[in-house]
Every structure is written in structure tokens, then in C-alpha cells.
Student: 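Sending over a structure as C-alpha cells; questions will come in a sec.
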Number of protein chains: 2
Amino acid sequence: MWREMTTVGNPSEKHKLQRLSLPEALAASLRERILNGEFQPGEALVQEALAAEYECSRMPVREAFRQLEAEGLIETKVHKGAFVSSISPDEVMELFELRALIECDLLLHAIPKMTAADFIACQEILGELERVYTEREMARWGSLNAAFHRRLLSPAERGQSILILGGINLQVERFVRLQLLLTEAFETAALEHQQLLVLCRARDVEQAIPYLRDHILTAGRELVAAMKSKRKF
Amino acid sequence: MWREMTTVGNPSEKHKLQRLSLPEALAASLRERILNGEFQPGEALVQEALAAEYECSRMPVREAFRQLEAEGLIETKVHKGAFVSSISPDEVMELFELRALIECDLLLHAIPKMTAADFIACQEILGELERVYTEREMARWGSLNAAFHRRLLSPAERGQSILILGGINLQVERFVRLQLLLTEAFETAALEHQQLLVLCRARDVEQAIPYLRDHILTAGRELVAAMKSKRKF
DNA sequence: TCGCGCCACATTGGATCCAATCAACATTTT
DNA sequence: AAAATGTTGATTGGATCCAATGTGGCGCGA
């Protein structure tokens, strides 16, 4: 079942097929399970148990742990084990503000370079997003949402910034998914995405930038509010 | 010799002593050697050789590799090994612009919160920087420079942003060190640091922010120019 | 002589085994 | 009875061993 992703075939990538080692595949699977909330913050991840579950030795698990630790998803204490890392609502808000900062800068660079193909691709993702929304698959919704932002900003051709953004998204993703279960943030997000795309088509930088900033920051505020009220964190 | 850092004793941290596992210590040592340019971009790192050198088995080396890979310092191809990752001048410039973006935002938050103690601490680091400069130890210069920026921005109390900044600095650090060998960028940097601190003392946000931005961006431009002229990258 | 394929070696990837450390429980002592 | 301490079980950390894969060299044939 999890084996299906031992090789990630990304069709849009130009023939650069990448093979995953077992530790990398494990890390991918564990990452997904953490983001889905199957492993709660603070929970201990035991090497032996996971090794048994994935039917491999403990060593690939250990290497996967190192990777996840570097990504900030888990923390490991020597001779004590690995624990799903936690993050405070304030820190989540800070990450959203960082995202706003970086994405606005990227959009500024991207808008002048956008082509018709870019708009079409973005529109396509939005369609997919809407389809997924009606079926309540928020695991896919989160990654599609990230994909939309990434695609929208890709004309800026700033790989390093995109990379950093990916890291930030990774940190907040699990809380976003949780919130989606509780609120109706989908719908406003869908509308805002459409409006954002309209502004970009019109090359209206003056409006698009603050709009994007607001889109991100209000999403952040809503999420943090939900976190603080639920007290489950 | 490298054993001296198996436990990192940071005296300013309040008694929170952290123990390093062998892989972590190895990663720290290898990271330093990469930043120092001992391992050139593209160069292959062989597990067996390093294991012999550090007198341990290959396994801790492999785990250290995973960590360094996640940090972006090396790339590993399955069944082919680990290679010191490279980075183009354009990407370096992008990272500097990202740094400018984030640091300016941080400074904006930091200035109103700065206390006398903060100014003193910064001034102290600047003194240390000057002392190190006269003795041409650029390995320490780089980390002290980062420490100054970190200390200057720490009143903002934005741990996540600082963390991201650390990652960005890691990427450009090795090129900064190389450039320092070639240019006289020390001196202007020292002056600019002093001036920046003066502006912060005066709480002159209007001047301090653009000044910091310029400080970072010109440093970036000079570095990139040096990179492109030397063609050693 | 050049090109293709096969084979051996070197290197990485993964599994098993042993040692070190921690935590919890039981025992003893005050 | 409470606290301190010893001891045992569980879990992680590290080393050695075996398997898989990639690379370079050699030979064979056109």
C-alpha cells in the first residue's frame, strides 16, 4: 500500500525521474501520517514498531527520522527516541506572516512574467481544488492549495524562495488540515483564489499584492483562532 | 580534535545542555569542513573513507549524510553516493534578497523592543568581530557576523523567522568565506554595522530599515560579482 | 580499429547483532 | 511509611555482515 510511492513519477517534471531510497520513501510516508494527524504532537515514534509495520529493519527508520528531524517535523532526544514536534499558535501565526512576506515578494516578481499558459495551469488547479472540496478530501486539498500558490508564483523563477516556502508550508500543513475539518474556510479560499487570479491577469500589482497578503494573513488568523479555541494543541 | 564539540556548551544558554549523538557530531564536523571549502562543490563524499577518518563505522556517517542533505549542503543519489551540492551565483543573489526581505521585517519588529542590554550585547559582538578581523580568521568572522545579525534581531522574538534565516545563511556561508579571502569587504561591513546600531539606538526605523536592506544587498552584489569573475564555482 | 557486451570490483543499501543508556519497579534503609 | 538505591527490562545507538547496484575494464566481434 505505501509501496506505491517508492518512485515518485511527477509527469510535469521533464523526464527527471527520481528514485527514492527506502529511508526516503519511509520519510515520505511518515511525513504524510504526521500531517494527517495520525501521529499527534508529542507522541513518541518507536523505531521497532515502525520497522515491524513497514516490514524492514530499524536502520531505514532511523535514517528517515534524521530527515524528518531536519525538516522540523519530529525532535529526537539521544537514547530517548523521536517525538512529533509541537508548535504554538503564536509560532503558526509567525509562519503565516513569513509566508505572506515571501509570497508577496514572489508575486511581485511573477506578475510581469506570467503567460497565458500560466493562467490556464492555475485555473486548472483551481478546478481540481473545487472538485476535491466537494468530496471533502482535505489531505489532497492541502497539497493542491500549496500547488496553486506554487504554480501562481513559479513565473518568478525563484527556486530558492519556493524551496523555503515549501518548508514553511510543511510546518503549518497539519494544522491547516485540522482546521479544514472544523471550519468552512474552503469556500472563502476558493473565491479569493479566483479573484486573485483575475487581478493577476489584469497585471494589477497594486491590488494583487495586498490581496494576496490579506488572503494569507486572514487564513492564518482564522486558523490560529481555531487552534486557541479548541485547546487541542 | 573534532571530538571537542561532542557536547556544545553554549554558556549564554540557561543550563540547557544538549548532548549530541555521534551522527550529529559528525554532521557538525562535516558541515564545518564543507563551509570552509575543504570539500569543494561537486566533490564526492565516500562513506568508508570518512568512517575510517573519524574512526567509526559507516552507519553514523550515513545518518550524518541524511542530515546534511536535508540542510541542503549535500545531495545524495541512490547507490551512487553523496556529493557536495553546488549553487549558482544567481541563486546566491536570490538568497541574499530573501535575507534582506526577512531581516528587514524582523528589524521592524525588533527596534521598538530593543533595550539597553541589547545594544550592549551587539556592541560587544562588534568588538569581537573587529578583533577577529585583524587576525584574519574568517571562519570565525562568518559565524560572528551571523551572530551580530541574530542578536540585533532577537528582540523581535520571532524564533521561526530566525530559524529560516539560519538555513539561508548556511547556504551562502561558504561563498561568503571565500569572498572574504579575496576582498576587503570586512572594513565596509564593520562601518555599516556600527552605523546600523546607531540608527537602531535612535529608533530611527525610517532610516534603519533601508540601511539594513542596502547593507545586505550590496554585500550580496559584491559577493556575486566576485563569484562570477573568479569562475571557480 | 572501433563498438558492444560481459564480468569483476568497488561502493552503497539493508539486516542482524551487540553494547550503552534510560525508566520503572522492587528492595532496603532510615 | 517515605525516600533513596539497586536491579531488570525495554529501547536506542553503533558495529559488523551480507546483498544489491553501479562502474570500469577486458575481450570478443564486426
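All chains are named by letter (A, B, ...) in the order of the sequence lines, taking the proteins before the strands, and each is independently numbered beginning at 1. Basis for what follows: all heavy atoms, side chains included, without hydrogens, waters or symmetry-related copies.
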Student: Hey, can you tell me if A/His149 and A/His193 have their rings parallel, tilted or perpendicular (30° and 60° cut-offs)?
Tutor: perpendicular

Student: Determine whether a donor-acceptor pair (N or O, by modelled atom type, separation under 3.5 Å) exists between the side chain of A/Asp105 and the backbone of A/Ile102.
Tutor: no

Student: Using the heavy-atom set of chain A and a strict 4.0 Å cut-off, write down the first and last nucleotide of DNA chain D that makes it in, 5' to 3'.
Tutor: D/dT12 to D/dG22

Student: Could you check whether any side-chain heavy atom of A/Leu73 comes within less than 4.5 Å of a side-chain heavy atom of A/Leu30, counting everything from C-beta outward?
Tutor: no

Student: Nearest-nucleotide wise, let me know which of A/Val78 and A/Arg62 is further upstream toward the 5' end of DNA chain C.
Tutor: A/Arg62

Student: Quick one: are A/Glu124 and A/Arg151 in side-chain contact, heavy atoms under 4.5 Å?
Tutor: no

Student: Tell me, do B/Arg58 and B/Val46 make a side-chain contact under 4.5 Å, heavy atoms counted?
Tutor: no

Student: Is there a side-chain contact between A/Phe96 and A/Val92 (heavy atoms, below 4.5 Å)?
Tutor: yes

Student: Hey, is A/Arg66 close enough to A/Glu63 for a salt bridge, meaning N to O under 4.0 Å?
Tutor: no

Student: Would you tabulate the pairs of protein nitrogen or oxygen atoms and nucleotide nitrogen or oxygen atoms of nucleotides 6-11 of chain C closer than 3.5 angstrom?
Tutor:
none

Student: Does a side-chain N-to-carboxylate-O contact under 4.0 Å join A/Glu32 and A/Arg177?
Tutor: yes

